[in-house]
Amino acid sequence: MLRGLVRRQFILNGAVAIVCVICAAFKPVAAQAQQTKIATIGVLLTGAVNPDPKEFLEGLRGGLAQLDLIEGRNIKLEVRSAEGSAALLPEKAADLVGLKVDLIVAHLTPAAQAAKQATKDIPIVMAGVGDALGTGLVASLARPGGNVTGTSTSAAEVAGKTVELIHEVLPSVTRVAVLANETDPFMKPYLAQIDGAGRRLGLQIDPYVIRPSTPQAPVFDTMREKQAGALIIQGSISRKGTLELAIQNRLPSFGSSQAWPKAGGLMSYSANQQDVFRQVAEYVDKILKGRKPADLPVALPTKFDLVVNLKAAKAIGVTIPESFLTRADEVIE
């Protein structure tokens, strides 16, 4: 009897020991699985050519990687692009919401507006929107409230600065055309800043407000008939044919991002893109670690870049003063 009890106790103790060994073996595996939980980041793109969405995605991935957020290891990107058609943005935003992504990065103002309308729960990180406060994306720059925060590039004020650059580089120009996006909520403050700068400098500003689907060739014909001496292009209205039309009409063209002169346009003055990528990645990192968008102040740019395409200038017969070129952050030759 006693011998049986001892034997049963020995068997029980052995079983417990085996279970403990198994638990110890699986514990690191479980911990590792927990550590490598993959967060899903939705990326909503307007899909305009200027700025180039591919460049934005590369910059975003690079910024995230610097914070050890690696695609395939601990994050997954779900990218949705409207391919330049604002009408598709609500559908693309709803698709990301249906996937129950952990947060949405929205590139440019139309995408941010569509994301905000699609969800009040999923955090939204703005990337490169023009005027977050003026377009109603946030209640305050210091305390955004709601589920939206991110970077606002102050592009309206930069557009006014672009008019000053035109006046400096092309002093004989008296009429400036502006190609703007009717469907972009940022269009009004954008044009207001350009018009104000034009009045201060005595320049005639001719706005051409069109929808992304509008054929642009007839618009450029009108610019030529009115003898426009320079052209400013809002980023969200730009597409592949826009640059070709500007070159064909020998219009010195000024874009709202560094992608414009790099693609063959004349010049751009805009927020430093690497700064924007870094800031967006930092917001993503903070939100994934538990911070709420409502408590994260909107970031404004601290560095601006002047990029000049000297090859484009020569192609359309424009001479850029050497003193001006020495001020440029980048000269493309």
Q: Go through the steps for Thr135 and Val129 under the test side chain to side chain contact (heavy atoms under 4.5 Å, CB included), then give the verdict.
A: CA-CA 9 Å; Thr135 54; Val129 305; 5.9 Å; no
(Q) Contact between Met267 and Val169 at the side-chain level, heavy atoms closer than 4.5 Å - yes or no? (A) yes
(Q) Please check this pair: side chain of Arg278 against backbone of Gly63, looking for a donor-acceptor N/O pair closer than 3.5 Å. (A) no
Q.
So, taking the atom named CG in Leu89 and the one named CD in Glu83, what distance separates them when rounded to the nearest 0.5 Å?
A. 10.5 Å
Q: Please name the pair of heavy atoms, one in His167 and one in Leu203, separated by the smallest distance, quoted to 0.1 Å.
A: ND1-CD2, 4.1 Å
Q) Where do Leu137 and Lys116 come nearest, in terms of heavy atoms and distance? A) O-NZ, 3.3 Å
Q) Do you know which two heavy atoms are closest between Val280 and Ala127, and how far apart they sit? A) CG2-CB, 3.7 Å
Q | With Tyr269 via ring pair (Phe, Tyr, Trp, His ring centres under 6.0 Å) - residues at least two apart | A | Phe304
(Q) Donor-acceptor pair, distance only, cut-off 3.5 Å: does the side chain of Asn309 make one with the backbone of Leu266? (A) no
(Q) Donor-acceptor check, side chain of Asp102 to backbone of Thr40, threshold 3.5 angstrom: yes or no? (A) yes
Q | Main-chain N/O of Ile70 paired to Asn74 side chain as donor or acceptor, under 3.5 Å | A | yes
(Q) When you compare the side chain of Leu300 with that of Ser152, does any pair of heavy atoms fall below 4.5 Å? (A) yes
Q: Return yes if some donor-acceptor pair links the side-chain N/O of Thr46 with the main-chain N/O of Leu108 below 3.5 Å, else return no.
A: no
Q. Tell me, do Leu170 and Pro252 make a side-chain contact under 4.5 Å, heavy atoms counted?
A. yes
**Q.** Crowding at NZ, Lys314 (>12 non-hydrogen neighbours, <6.0 Å)
**A.** no
Q. Should Asn272 and Asp329 count as side-chain neighbours, where that means a heavy-atom distance under 4.5 Å?
A. no
(Q) Around atom CD of Glu168, are there more than 12 heavy atoms from other residues, nucleotides or ligands closer than 6.0 Å? (A) yes
Q) Looking at side-chain heavy atoms only, is the closest gap between Pro212 and Ile237 below 4.5 Å? A) yes
Q | Step-by-step salt bridge (Lys or Arg N to Asp or Glu O under 4.0 Å) determination, Glu78 to Arg80 | A | CA-CA 7 Å; Glu78 287 286 352; Arg80 299 293 182 274; 3.2 Å; yes
**Q.** Side-chain donor/acceptor of Asn249 to backbone N/O of Leu251, under 3.5 Å
**A.** no
Q: Please determine which of Thr119, Ile104, Ile287, Leu103 meets the side-chain contact (heavy atoms from CB on, under 4.5 Å) test together with Asn147.
A: Thr119
Q: State, yes or no, whether a side-chain contact exists between Asp184 and Tyr190 at a heavy-atom distance under 4.5 Å.
A: no
Q) Other than Val307, what residues sit in its cluster of Ile, Leu, Val, Met, Phe, Trp and Tyr side chains whose heavy atoms are under 4.5 Å apart, directly or through others? A) Ile332
Q. Listed by chain and number, what are the side-chain contact (heavy atoms from CB on, under 4.5 Å) partners of Lys226, not counting sequence neighbours?
A. Arg175, Asp206, Tyr208, Thr222
Q) With Ile233, which of Ser268, Ser257, Ser238 fulfils side-chain contact (heavy atoms from CB on, under 4.5 Å)? A) Ser238
(Q) Give me the atom names and distance for the closest heavy-atom approach of Val125 to Gly150. (A) CG1-CA, 4.2 Å
Q) Between Thr183 (side chain) and Arg211 (backbone), is there a donor-acceptor pair under 3.5 Å? A) no
